Number of protein chains: 2
Amino acid sequence: MAKSTSKEAISAEEKIKAAARKVFTQKGYAATRTRDIVEEAGLNIALLNYYFRSKEKLFEIIMLEKMQEFFGIIIPFLHDETTTLDKKIEQITNRYIDMLLQNPDMPIFVLSEIRNNNGLFKKIQVGKILQSSHFVRQLKEKQPGVQPLHFIASMLGMIIFPFVSKPVFKSAGVLNEHGFATMMEERKKLLPKWIKAMLGTK
Amino acid sequence: MAKSTSKEAISAEEKIKAAARKVFTQKGYAATRTRDIVEEAGLNIALLNYYFRSKEKLFEIIMLEKMQEFFGIIIPFLHDETTTLDKKIEQITNRYIDMLLQNPDMPIFVLSEIRNNNGLFKKIQVGKILQSSHFVRQLKEKQPGVQPLHFIASMLGMIIFPFVSKPVFKSAGVLNEHGFATMMEERKKLLPKWIKAMLGTK
DNA sequence: AAATAATTTAATCAAATGATTAAAATATTT
DNA sequence: AAATATTTTAATCATTTGATTAAATTATTT
């Protein structure tokens, strides 16, 4: 062992990981070259293989991390037995939008990498967690005639889709970076109102 | 000139294009090898370069085609001055879902390739078309206090997001292929009702 | 301080991949 | 049918790219 990280020194390993987070999420696995990553980190290409063995192993680490963030963030709210359905909707909307504003590339990265490679994703038990949640029970109770998945897909769609389509709106000249942030702040208020209106329909 | 396409003979050029459509939309530009495409077409690798000069040029052709489909399909409805707002919502929802059921890989393909390369997308004037549309005027009239983009992002999110997240729900065991199709058929009824409810909130 | 262990570098390798070439096969025109 | 043009193939090239190696450097232990 070397490098006592006593002060502020960031280890080469951590620099590579940080660079990998950035480059992988921006360009995706296939379009990323190991050389892009080490260049971003200001380091040597052999170090990547020294610390992580291969591009694929490094990717798995980053991907698992990102999936945990992407799916994990709402789990506590889903299971909270002390909150009303309306409260959960507000919490999930707010919390998710805040997190994605910090990680705007995350959704399209996670979703398109899962398309390319289900294997990693299956390690995370999203399906069971979701279906056994208090949130789903509350949705069923409120609208027994409609599959809860419809509401969930709609809610997540309204939250996540703007991030996925941001490049489209930007290069179409409909939105700039600042306009997007403003829009997402407004959505924290709008979406709960709209989702409640949806749940109120017969 | 050779190959008179008098009967059913599909030209090599068209076989390659068809294969390219399939492989590019399934795996994306970077993860696609020219060898994948010609193999899918049952042809020789030199033919791809003979007819299309390069992987990139072939990709541009496919990408422009897909963007036209992805964005173009709703344009006639957006501009129809004879229909009510509610009618437009029904038409767009129905038409879009039907088209995407035929092309389920299209959204994630188009959206992630635009992220990687704005250049091509800018050739299509989506921004201006949208903002000058009858649909947007009707949205403004109905809810002057809310930017039309909020409604559009929500509507498109509810339509498109299920396709983008289909691999997630499938490998999470929440949905199989048939369940997904059923769900999307149900959504043709549900979404217009929900969008109208959103537009009805104060 | 010497010996040992860990980290970093420059140089290189092997495989994958987009592209080309020259010849063969097929179709079209004269 | 001969001449010409087009299409297809097998073989090969050049570059890119993930990975390795052996030596140099730096840190840690004895």
Side-chain angles (χ1 to χ4, degrees), chain A residues 1-64 109 113 116-117 119-120, chain B residues 1-64 109 113 116-117 119-120:
Chain A
M1 215 164 289
K3 278 288 169 56
S4 58
T5 33
S6 49
K7 295 245 171 179
E8 277 303 301
I10 300 158
S11 69
E13 186 173 353
E14 202 43 60
K15 275 185 197 162
I16 291 171
K17 237 176 171 175
R21 262 180 221 113
K22 181 173 174 184
V23 181
F24 275 139
T25 53
Q26 263 174 20
K27 318 212 295 181
Y29 177 79
T32 296
R33 297 167 307 141
T34 52
R35 281 162 175 83
D36 296 334
I37 294 171
V38 294
E39 195 181 311
E40 173 74 31
L43 293 171
N44 186 298
I45 198 173
L47 282 173
L48 188 151
N49 292 286
Y50 176 69
Y51 284 113
F52 301 98
R53 306 289 302 165
S54 72
K55 177 188 178 185
E56 202 176 337
K57 291 228 170 61
L58 172 56
F59 176 76
E60 284 190 14
I61 292 167
I62 304 302
M63 182 69 190
L64 283 172
F109 167 72
E113 295 302 334
N116 296 338
N117 171 13
L120 279 175
Chain B
M1 213 165 289
K3 279 287 169 57
S4 56
T5 32
S6 49
K7 296 244 170 176
E8 278 304 302
I10 299 159
S11 70
E13 185 172 354
E14 202 43 60
K15 276 184 196 161
I16 291 171
K17 238 175 169 174
R21 263 180 221 112
K22 181 173 175 184
V23 181
F24 275 139
T25 53
Q26 263 173 19
K27 318 213 296 181
Y29 178 78
T32 297
R33 297 168 308 143
T34 53
R35 282 163 174 82
D36 297 333
I37 294 171
V38 295
E39 194 182 313
E40 172 74 31
L43 293 172
N44 185 299
I45 199 174
L47 282 172
L48 188 152
N49 292 286
Y50 175 70
Y51 283 113
F52 300 99
R53 304 291 299 165
S54 71
K55 176 188 178 186
E56 200 177 337
K57 292 229 169 61
L58 172 56
F59 176 75
E60 285 191 13
I61 291 168
I62 305 302
M63 182 69 188
L64 283 172
F109 167 72
E113 295 301 335
N116 297 338
N117 172 11
L120 279 175

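The analysis underlying the following values was restricted to heavy atoms, covering all of them including side chains, and did not include hydrogens, waters or symmetry mates. Numbered from 1 within each chain, the chains take letters A, B, ... in sequence-line order. Bear in mind the structure is a predicted one, so any value in this text is a computation, not a measurement.
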- prompt: Quick one: CD1 on A:Ile37 to CD1 on A:Ile45, what's the gap to the nearest 0.5 Å?
  reply: 9.5 Å
query: Can you tell me how far C1' of D:dA19 sits from CD1 of A:Ile16, to the nearest Å?
result: 14 Å
message: A:Asp36: which residues meet the side-chain hydrogen bond (donor to acceptor under 3.5 Å, both in side chains) condition with it, sequence neighbours left out?
response: A:Lys27, A:Arg33
query: Side chain of B:Ala46: nearest nucleotide among C:dT8, C:dT9, D:dT9?
result: D:dT9
Side-chain donor-acceptor pairs of residues 12-20 of chain B under 3.5 Å, sequence neighbours excluded:
none

- request: To the nearest Å, give me how far apart CG (B:Asn44) and P (C:dG18) are.
  value: 14 Å
- request: Could you tell me the separation between the CG atom of A:Leu43 and the P atom of C:dA10, rounded to a whole number of Å?
  value: 11 Å
- prompt: In whole angstrom, what separates B:Leu58's CG from C:dA19's P?
  reply: 10 Å
- request: Return each pair, listed once, that meets salt bridge (Lys or Arg N to Asp or Glu O under 4.0 Å) where at least one residue sits in residues 54-63 of chain A; pairs must be two or more places apart or across chains.
  value: none
message: Check this one for me: any side-chain N or O of A:Tyr50 less than 4.0 Å away from OP1 or OP2 of D:dT20?
response: no
task: Please state how far atom CZ in B:Phe52 lies from atom C1' in C:dT20, giving the value in whole angstrom units.
output: 18 Å
field: Annotated protein contacts, base or backbone, on nucleotides 12-18 of chain D with a non-hydrogen cut-off under 4.0 Å, one of B, S, - each
entry: -----BB
Contact list for residues 39-61 of chain A, test ring pair (Phe, Tyr, Trp, His ring centres under 6.0 Å), sequence neighbours left out: A:Phe24-A:Phe59, A:Tyr29-A:Phe59
field: Contacts of B:Lys22 that satisfy salt bridge (Lys or Arg N to Asp or Glu O under 4.0 Å) - sequence neighbours left out
entry: B:Glu40
statement: Atom CG of B:Leu47 and atom P of D:dT6 are separated, to the nearest Å, by 16 Å
statement: To the nearest angstrom, the CD-P distance between A:Glu14 and C:dT8 comes to 13 Å
field: Distance, rounded to the nearest Å, where B:Lys57 contributes NZ and C:dG18 contributes C1'
entry: 13 Å
